[in-house]
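In what follows, a structure is listed as structure tokens, so that the remarks can point back to it.
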Amino acid sequence: MIIRENYLSKIRPLIGKDVIKVLTGIRRGGKSVLLEQIRDEINSPNTVFLNFEDLGNQHLCEYNALHDYVCGKVNNSKEKFCLFFDEIQEVQGWEKAINSLRVKFNADIYITGSNSRLLSGELATYIAGRYVSFVIYPFSYAEFKEVNANYTFDDYIKYGGMPFLSSIGFESEISKNYLLDVFNSVVLKDIVKRNKIRDVDLLERIISYALANVGKSFSATSISKFFKAENRTVAPETIFNYLKACEEAYLLYRLKSQDVNGKKLLKVNEKYYVVDHGLREAVVGSNLQNIEIILENIVGVELLRRGYKVCVGRAGVQEIDFVGEKDGDKLYLQVCYLLNEESTINREFGSLLEIKDNYPKIVLYKESSFKGNYEGIPAVRVEDWLMSR
């Protein structure tokens with residue numbers, strides 16, 4: 001089992017502090033194992049650990065029942081207790097229980113959930129300013145290689161980074177079935193059930209469209225027109241709401257477009273990326289045949305994983321694949337599969353040369369006869385960039 005040090009290093013300074021530590025992210029993306037790693041690192045005898053997807057804990061999926069159970073375990077102890085609650089959104093009114101336990105006891109609290117709305121609504125009222133959240137992603141390529149040293153970058157491109165795949169050896173049919181199971185769980189539990197969606201067939205068609213078109217500019221209106229051409233009328237607002245529900249379940253990430261020289265957000269050319277490209281392989285297929293957009297998806301999610309705020313860039317008529325901002329600095333990235341032909345080299349580097357600032361700019365490639373840099377802009381193998389720290 002890999003120790004996810006990238007996340008643990010951020011959480012350690014908060015151990016024992018009077019803030020609730022919240023781990024969110026895609027279902028089966030590694031939150032539960034990370035929660036166990038935090039528990040094992042703290043190694044306290046005064047621990048309550050509950051997974052609310054365990055049917056044995058179903059009787060606790062109501063805030064009064066949970067509150068009374070924990071109070072019985074703590075039993076007025078003056079010792080610090082560590083409380084770990086996995087998939088807390090399954091508990092009705094959980095915010096009330098968590099807030100009461102925080103106030104009543106000397107407790108160090110950690111919770112996980114599979115929906116971004118975990119931290120909205122009533123929670124903002126109950127524990128505003130009393131929590132720190134961390135988005136947990138599936139394995140990065142560096143983590144993938146740490147666990148699966150004998151597998152290649154092409155294997156990662158095909159299968160993605162859902163952690164459990166490492167336990168089943170990437171056998172093709174089993175891996176596909178597992179990824180489809182993950183996809184269906186996300187759709188049914190975190191999107192359909194949570195948003196009370198009735199037209200599940202429409203939702204699945206919208207998701208399939210988004211997965212097939214990762215890295216391409218489209219909007220709810222363009223999908224509506226696509227459906228209209230197939231003799232199905234769907235309002236753009238409905239499509240937008242369904243896509244928003246996918247974002248809240250951490251299945252899709254929407255990147256807005258930014259004029260990099262004018263420093264303003266644009267209302268066009270938004271793009272969607274899937275949290276793990278292995279899910280796309282299971283649902284749509286052909287990752288290796290569509291390698292250019294998969295490379296772009298991998299890089300976009302990696303920027304998010306590394307803590308960047310990410311946009312799609314525009315410099316005049318040129319498009320910049322990614323603009324990442326973090327701690328007041330920026331990073332501009334172009335991503336391509338083959339960096340061989342002169343026209344491709346001029347296009348990829350030319351887009352970055354249109355940017356009128358001095359922040360780092362990199363062209364990432366998978367295969368290339370071009371080496372070194374182009375007017376000061378380096379070309380870096382995408383595999384090497386993903387392995388860099």
Side chains of Y332 and D357: is there a donor and an acceptor less than 3.5 Å apart?
-> yes
Here the gap from R28 atom CZ to L165 atom CG, rounded to the nearest 0.5 Å, amounts to 11.0 Å
How about E348 and Q334: does a side-chain donor come under 3.5 Å of a side-chain acceptor?
-> yes
Would you kindly say whether Y250 and S116 are connected by a side-chain donor-acceptor distance under 3.5 Å?
-> no
Are K244 and E248 within salt-bridge range, i.e. N to O under 4.0 Å?
-> no
Side chains of S114 and E87: do they bring a donor and an acceptor to under 3.5 Å?
-> yes
When the aromatic ring centroids of F134 and Y7 are compared, is their separation below 6.0 Å?
-> no
Does a salt bridge link E383 with K366, judged by any charged N lying under 4.0 Å from a carboxylate O?
-> no
Donor on one side chain, acceptor on other, T152 and D155, under 3.5 Å | yes
L203 versus C246: any side-chain heavy-atom pair under 4.5 Å?
-> yes
Do Y272 and F218 have ring centres separated by under 6.0 Å?
-> yes
With ring centroids as reference points, do F85 and Y110 lie under 6.0 angstrom apart?
-> no
Are Y159 and F170 close enough that their ring centers fall under 6.0 Å?
-> yes
If you group Ile, Leu, Val, Met, Phe, Trp and Tyr by side-chain heavy-atom gaps below 4.5 Å, do F164 and V147 land in one group?
-> no
Hey, do the aromatic rings of F349 and F370 have their centres closer than 6.0 Å?
-> yes
dist D68:CG -> S100:OG (nearest 0.5 Å) comes out at 9.5 Å
Under 4.5 Å between any side-chain heavy atoms of K31 and I136, yes or no?
-> yes
